[in-house]
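Since the structure comes first, as structure tokens, the remarks are kept for the end.
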Amino acid sequence: MIKMTKAVFFSLAFAVCCGNTFAQTASTPIPQLIEKDGWHALLVDGKPFLMLGGQAHNSSGWPGMMPRVWQSIKLMHANTLEVPIYWEQIESQHGKFDFSIVDTLLTQARLHKVRLVLLWFATWKNGSNHYMPEWMKLEPAKYPNIIGKNGQPIDSPSPHSQATLDADINAFSAVMRYLKKADLQHTVIMMQVENESGSWGSVRDYSAAAQKLFDEPVPAELLKPEVLKALNVPAGSEGTWSKVFGDRADEYFQAWSIARFIGQVAAAGKKEYPLPMYVNTALRDPLTNPPATKYESGGPTDNVIPIWKAAAPAIDLVAPDIYLSGSERILKVIELYNRPDNALFVPEAGLSPDKSRYLYDVLAHGGIGFSPFGIDDNGRGATETELKEELAPFSQDYEVLSPMMPELARWSFERKIKAVVEHDDHAAQTIELGAWQAVVTFGTRQDGEKLQNKEPLGKMMIVQLGENQFILIGSLCHITFHPTGKNTGKAWQYLRVEEGCYRNGTFKALRILNGDETDWGGPAFGVKPTVVKTSLTTR
Ligand code: DGJ
């Protein structure tokens with residue numbers, strides 16, 4: 001991750017003014033993450049980029065399946081495909097690499113003018129090792145699993161196996177070396193290292209080798225005052241894992257061990273080709289601090305982010321996979337993963353209507369992307385109409401947001417975006433905008449009557465262009481304003497309200513909204529998101 005200096009800022013400003021949206025030429029700079037005052041941007045071709053993504057099903061990254069994946073990407077208006085690449089396929093014979101699938105993905109993504117995030121399904125996939133090549137699966141003594149507390153076998157790889165680490169480093173380095181040569185256009189913009197690492201069924205490895213490490217002193221990296229503070233442990237604590245971390249010791253040990261392993265894989269890959277790299281998380285309930293027996297232990301859950309940061313500096317960000325339900329829970333997750341040391345990115349969310357609105361909240365937190373999981377037909381034989389319907393909650397937003405992606409990415413990085421999403425209680429919400437306060441009410445209107453949304457699916461994003469000028473993007477809600485500060489209590493009205501869209505960096509008005517469209521507690525936003533440019537005045 002690069003800190004923004006003046007020089008970086010000016011070259012970025014130049015690229016924003018003069019670059020085009022999808023250059024993919026050999027002369028563009030490598031994608032990188034930058035940070036300014038605790039806010040982040042992903043630069044692609046030197047410009048802030050917002051991933052409006054979609055993730056393929058687990059077994060869809062095969063040439064025969066890709067036509068249906070591209071069909072979904074197109075229907076969604078997505079600009080980024082997240083797609084797995086499989087260790088078992090790339091190195092099916094020990095030491096012999098086959099990158100034909102990488103070539104296929106690169107060629108097809110360029111044809112479809114879509115960027116790629118490649119998911120390295122290797123030592124961990126959802127806590128297990130099912131993507132290890134067969135030659136490793138057949139040598140369990142050399143590439144062992146962890147062992148449970150009572151000696152029971154656990155379907156999860158050991159993070160303490162040097163042989164497994166060496167093999168993964170070797171394969172991932174080969175992938176990155178290949179990409180460096182094959183992808184001069186930077187079609188691939190990020191790498192996910194492993195998938196939802198951690199272990200189900202045992203909080204940690206209780207093998208003799210692991211136990212020996214567990215009984216040793218906690219490594220110095222975790223005893224730094226800022227790390228201990230973040231983990232709610234008194235400064236100056238030292239000694240064994242149990243002594244320092246008490247009843248969280250087992251989980252913290254597992255998190256440290258896995259993060260060290262994956263951090264080394266990422267570092268080796270970056271040595272070959274330093275693309276931004278992240279890990280994704282099977283979340284825990286962020287509101288109740290449950291014990292690690294209740295979720296996948298050792299992955300980058302919110303409570304162990306400081307351990308992951310200390311153990312795996314080559315990992316640029318840890319990312320939440322959002323399958324939880326409930327607005328309070330999901331908004332908390334977004335808050336916890338948006339940190340000055342962690343760019344916010346949601347690489348997976350359930351492909352259900354209740355998840356799409358959180359994209360707005362991610363943008364308001366300076367997030368770099370969002371992607372529902374399982375966008376393709378997955379061999380079901382779904383008709384195009386069925387697919388369209390399934391993808392609609394996301395495609396309706398992407399259709400409106402895609403053409404203005406460069407502006408949105410820049411506004412988000414410049415902290416110009418605020419957003420509210422409807423909570424489970426449907427209550428109205430306010431947004432402070434300096435000289436104005438916006439009040440967003442959720443629902444629709446029929447024959448003058450206000451109707452509450454059946455599901456809490458409403459959302460509103462406001463981009464502040466000037467003191468009195470705003471872009472509003474939303475659905476299933478109404479918005480109105482109050483003057484604040486020295487103008488509190490004054491009469492006000494809309495100077496102009498235009499509905500339209502962004503094309504090539506410019507707002508194009510379709511019509512001016514007035515009369516019934518703005519008078520009755522409006523403007524109103526229906527099921528399909530719309531873009532409105534408005535200016536306000538007091539009288
Ligand atoms: C989360 C995983 O990261 C994905 O690969 C996939 O298995 C989904 N769960 C399935 O819901």
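For ligands, and for the atoms within them, numbers begin at 1 and follow the listed sequence. Quick note: numbers below take in every heavy atom, side chains included, and nothing from hydrogens, waters or symmetry partners.
Enumerated by chain and number, the residues approaching ligand 1 to less than 4.0 Å through a heavy atom are Asn58, Lys125, Asn126, Asn195, Glu196, Asn280, Asp321, Tyr323, Glu348, Phe373.
A ring-centre distance under 6.0 Å is not found for Tyr295 and Trp200.
With Asp250 contributing its side chain and Val203 its backbone, the two residues share no donor-acceptor pair below 3.5 Å.
Within the structure, salt bridge (Lys or Arg N to Asp or Glu O under 4.0 Å) pairs that include any residue of residues 66-83 comprise Arg68-Asp377 (at least two apart or interchain).
Side-chain polar atoms of Thr281 and Asp321 form no donor-acceptor pair below 3.5 angstrom.
For the pair Arg177 and Tyr273, the cation-pi test (distance below 6.0 Å, angle within 45°) is failed. Annotation: cation-pi geometry not satisfied between Arg339 and Tyr337 (NZ/CZ under 6.0 angstrom from ring centroid, within 45° of ring axis).
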